[in-house]
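Okay, structure first, notes after.
Heavy-atom basis, side chains included; hydrogens, waters and symmetry copies ignored. In each ligand, atom 1 is the first atom listed, and ligand 1 is the first ligand listed. Along the sequence shown, residues carry numbers from 1.
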Amino acid sequence: MIAITIDKAEVSKIYKSIDKYTHKGIQGHALLIGGSYGKIGSICLSSKAALKTGCGLVTAFIPKCGYDIVQISIPEVMVLTDEKDELISNINFEIIPQAIGIGPGIGQELPTQKAFNEFLKTNISPVVIDADALNILSLNKSWLKLLHPKTILTPHPKELERLIGKWSSDDEKMEKVIAFSKEYDLVIVMKGAPTHIIDGGIVYQNSTGNAALATAGSGDVLTGMITSLLAQSYEPINAAILGVYLHGLTADIALPTTGYQSFIASDIIENIGKAHLTLGN
Ligand SMILES: NC(=O)C1=CN([C@@H]2O[C@H](COP(=O)(O)OP(=O)(O)OC[C@H]3O[C@@H](n4cnc5c(N)ncnc54)[C@H](O)[C@@H]3O)[C@@H](O)[C@H]2O)[C@@H](O)CC1
Ligand SMILES: Nc1ncnc2c1ncn2[C@@H]1O[C@H](COP(=O)(O)OP(=O)(O)O)[C@@H](O)[C@H]1O
Ligand SMILES: [Mg+2]
């Protein structure tokens, strides 16, 4: 196993500054798929985080009940809706996104499971899989072989346990995740304190972030950030490394003004700009 610390020196090697002559059409189009009745906020957070991380265009694919919510809360984001009101049942779109993030707030209802299966069979874009989409994979493990190489999975400890089963020590957990990453050729963002990223036999350990991130929606924001970087043509492993680093750095930057208690997921989004500025333009 090779172990690498994700610090400023490491991310500076992969960070791409913005070209003076770029435009929104070549800056990457990210599609965020998720939300269900009562959990539209998750996709608002992911979509806004994607825009703030620098991609040129963001579209949210959500159930109909979220249409006004997303349009009003983030006017910069375009919206496509499912035919169903309260859940996603048929993921159908004509745009060609450069990356897709799927799962925040999507729920695990049977029609949503079926839609996710169809999506996996037909999708051609690089993907980040999070939250309930991970739980759906855990319920249907044979679908794991439908994932393209280097698909990014972002489980928190409970989602990870559902995917790979229980472990009895940190060493055993790491062995199991490495084996899982190798078996399906996946990039695993193993969220925690600290977050590790596993790409086969290489394990990256993040150095940013603090307990302020233990707040609702902070993972939804991370999904938007990594999807945005993927859409901007970062290789999957580099999108995961840079996304996790910047996400943690926002909490380190904000902590002196928010304290641990009052920091919320929207504060991550507000500080993405300052985090980016520590690396370049
Ligand atoms: N505003 C919104 O719309 C929000 C929607 N969310 C969505 O709600 C759905 C359910 O997500 P949840 O993650 O809450 O549900 P889960 O049932 O997947 O996870 C919650 C369980 O995991 C455990 N857990 C979480 N992090 C842990 C850690 N670091 N160490 C140990 N145990 C840990 C908790 O104790 C709890 O038992 C997802 O689709 C998610 O995207 C949440 O992200 C919260 C905000
Ligand atoms: N104590 C902590 N220290 C550092 N990072 C944390 C801590 N608690 C949570 N995080 C980070 O916050 C995020 C939580 O993600 P997740 O559990 O998916 O949240 P949600 O589903 O509510 O959006 C992860 O990136 C995780 O690493
Ligand atoms: Mg989550």
Could you say whether the N/O atoms of Ser42 and ligand 1 ever approach to under 3.5 Å? yes

Do any N/O atoms on Gly105 end up under 3.5 angstrom from N/O atoms on ligand 1? yes

Does some side-chain heavy atom of Cys55 sit less than 4.5 Å from a side-chain heavy atom of Gln27? no

Which residue supplies the protein heavy atom nearest to [atom], what is that atom called, and how far is it?
atom                    : value
atom 19 (O) of ligand 2 : Gly219 N, 3.2 Å
atom 44 (C) of ligand 1 : Gly217 N, 3.9 Å
atom 25 (O) of ligand 2 : His247 CE1, 3.4 Å
atom 24 (C) of ligand 2 : Lys191 CD, 3.5 Å
atom 6 (N) of ligand 1  : Asp220 OD2, 3.8 Å
atom 38 (C) of ligand 1 : Asp132 OD2, 3.6 Å
atom 27 (C) of ligand 1 : Pro157 CD, 3.7 Å
atom 22 (O) of ligand 2 : Gly217 N, 2.8 Å

Could you work out, for [atom], the closest of [options] by heavy-atom distance?
atom                    : options                        : result
atom 3 (N) of ligand 2  : Ala193, Pro157, Ala214         : Ala193
atom 15 (O) of ligand 1 : Glu161, His156, Lys158         : His156
atom 17 (O) of ligand 2 : His156, Met190, His196         : His156
atom 5 (N) of ligand 2  : Gly243, Gly209, Gly192, Gly248 : Gly192

Can you confirm, on distance only, whether ligand 2 has an N/O atom lying under 3.5 Å from any N/O atom belonging to Asp130? no

Check: Leu213 N/O within less than 3.5 Å of ligand 2 N/O: yes

Ligand 1 atoms in contact with Arg162 (distance to a heavy atom under 4.0 Å): 16 (P), 17 (O), 18 (O)

Any carboxylate oxygen within less than 4.0 angstrom of a Lys/Arg side-chain nitrogen, looking at Asp185 and Lys150? yes

Side-chain ion pair, Asp199 and Lys182, N-O less than 4.0 Å: no

Below 4.0 Å from ligand 2: does a non-hydrogen atom of Glu159 turn up there or not? no

Decide whether the shortest distance between a heavy atom of Ala131 and an atom of ligand 2 is less than 4.0 Å. no

More than 12 foreign heavy atoms under 6.0 Å from [atom1] of [X]: is that the case here?
X      : atom1 : value
Lys141 : NZ    : yes
Asp19  : CG    : yes
Ile124 : CD1   : no

Taking heavy atoms and a distance under 4.0 Å, where does [X] meet ligand 2: side chain, backbone, both or neither?
X      : value
Asp220 : both
Asn210 : backbone
Ser218 : both

Scan side-chain atoms only and decide if [X] and [Y] contain a donor-acceptor pair under the 3.5 Å cut-off.
X      : Y      : value
Asn210 : Asp252 : yes
His196 : Gln205 : yes
Thr112 : Gln108 : no
Asn271 : Thr250 : no
Ser169 : Asp171 : no
Asp82  : Ser89  : yes

Any protein heavy atom < 4.0 Å from [atom]:
atom                    : answer
atom 11 (O) of ligand 1 : no
atom 34 (C) of ligand 1 : no
atom 18 (O) of ligand 1 : yes

Under the 6.0 Å and 45° cation-pi test, does Lys16 pair with Tyr234? yes

Of all heavy-atom pairs between Leu230 and Pro126, which one has the smallest distance, and what is that distance? CD1-CB, 3.8 Å

Looking only at heavy atoms, which two atoms of Leu134 and Glu159 are closest? And how far apart? CD1-OE1, 3.9 Å

Taking only heavy atoms of [X] into account, list the atoms of ligand 2 that are under 4.0 Å away from them.
X      : value
Ala211 : 1 (N), 2 (C), 3 (N)
Thr195 : 27 (O)
Ala216 : 22 (O)

Any sub-3.5 Å donor-acceptor pair from Thr151's side-chain atoms to Leu147's backbone N or O? no

Is there a path from Trp167 to Leu153 through hydrophobic residues (I, L, V, M, F, W, Y) whose side chains come within less than 4.5 Å of each other? yes

Any idea which part of Lys39 is under 4.0 Å from ligand 1, heavy-atom wise: side chain, backbone, both or neither? both

